[in-house]
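Naming convention: chains lettered A, B, ... in sequence-line order (proteins, then strands); numbering from 1 in each chain. Note: hydrogens, waters and symmetry copies are ignored here, and every other heavy atom, side chains too, is used.
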Amino acid sequence: MPELPEVEVLVRHLAPLVKNRTVRRAIVRRPKIVLPSTQEQIVRKLRGAKFVGLMRRGKYLLFEMRGSKGQRFPLVGHLGMTGRMYLAPEKNPLPKHAAVVMELGGENFIFEDTRYFGRMTLDDSAIAALGPEPLGEAFTAEYFANALRGSSQAIKVKLLDQQVIAGVGNIYASEALFRAGISPRVAAGRLKAGQIARLRETIRETLQDAIDRGSTVPLNYSGERVRDGLFYFGSAPKAGDFYEERLQVYDREGKPCRTCKTSVKRIVQGARSTFYCPKCQR
DNA sequence: CACCATGTTCCTTG
DNA sequence: CCAAGGAACATGGT
């Protein structure tokens, strides 16, 4: 579920649910998930702590906590590839891959992650290393041009560099390049000023559209499979029963480009799939 | 069985 | 030292 838009939607969903709640007890079922913190540190620090606020930075969730002695501290979450966070009734059995559980009284805050690539840690150093927020003011065309200058790396690969832009992942990188009409294989440093400005725009549009359309997973696990906006590749439930096409190229290998009908191509860059239209993307 | 998967980090290579 | 490429991590779906 995890690129910037998914994390943003999750944060908006979770923030009012956790605000002012107190952690009675924290359980670490998968110690790897809290690294570089230790299981003991997490358990000790979270006992009696209260949720003060919740923000997103790149693909990270930043929980602002107030400890039992009044001290503020950050709790940093990352969903990895398969992480999910939600509240569930305390009587519910814990899911198979529950990595960290916080008992809130009546409900549990559950961080489950089948592949265990995610994080829930007290260490916030990763945040400082991130590039600007693509939807924020610091992400200007000038900044972007500067960040790309001199790089021989393919632009698609460059877009995944969290030190350049925070939050773009493998799906939206392909999507933004399609919208900009730019080939994913061009060296980042060879883009013209106009293309860079255009790509900056399409990155912002792509991410904002995804946020506006809602979540890619069911966010509410506490009821009977309440699906407040479940969709993923290709389609999204709208207000009615209709499904709307969501992605233009990602995971559409061999399917017709929605613009020109040319077959969408899949290539591998940096050991990851890239999808693009060879005709629309020069 | 083979291959693929929304992410990040670490190792190797040049 | 730096940039770039690719494997590793761990589990599940097709």
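- The shortest distance between the side-chain N/O atoms of A:H97 and the OP1/OP2 oxygens of C:dG12 is below 4.0 Å.
- Distance, A:E112 CD to C:dT11 P: 14 Å, rounded to whole Å.
- By the 6.0 Å contact criterion, CZ on A:R24 is open, its count of non-hydrogen atoms from other residues, nucleotides or ligands being 12 or less.
- Atom pair A:K158:NZ and C:dA3:P shows a separation of 8 Å (rounding to whole Å applied).
- A straight line from CG of A:D161 to P of B:dG7 spans 13 Å, rounded to a whole angstrom.
- The side chain of A:N170 approaches B:dT6 more closely than any other nucleotide in the set C:dG5, B:dT6, C:dA10.
- Among the atoms of the strands shown, base atoms are found under 4.0 Å from some heavy atom of A:F117.
- Of the side-chain N and O atoms in A:Y250, one or more sit less than 4.0 angstrom from OP1 or OP2 of B:dT6.
- Geometrically, A:R200 does not engage A:F144 in a cation-pi contact, judged by NZ or CZ lying under 6.0 Å from the ring centre and within 45° of the ring axis.
- Centroid-to-centroid, the aromatic rings of A:Y250 and A:Y276 stay 6.0 Å apart or farther.
- The nucleotide whose nearest atom lies closest to any side-chain atom of A:R272 is, among B:dT8, C:dA10, C:dG12, B:dT8.
- Per the geometry, CZ belonging to A:R30 stands 7 Å off P belonging to C:dA10, to the nearest Å.
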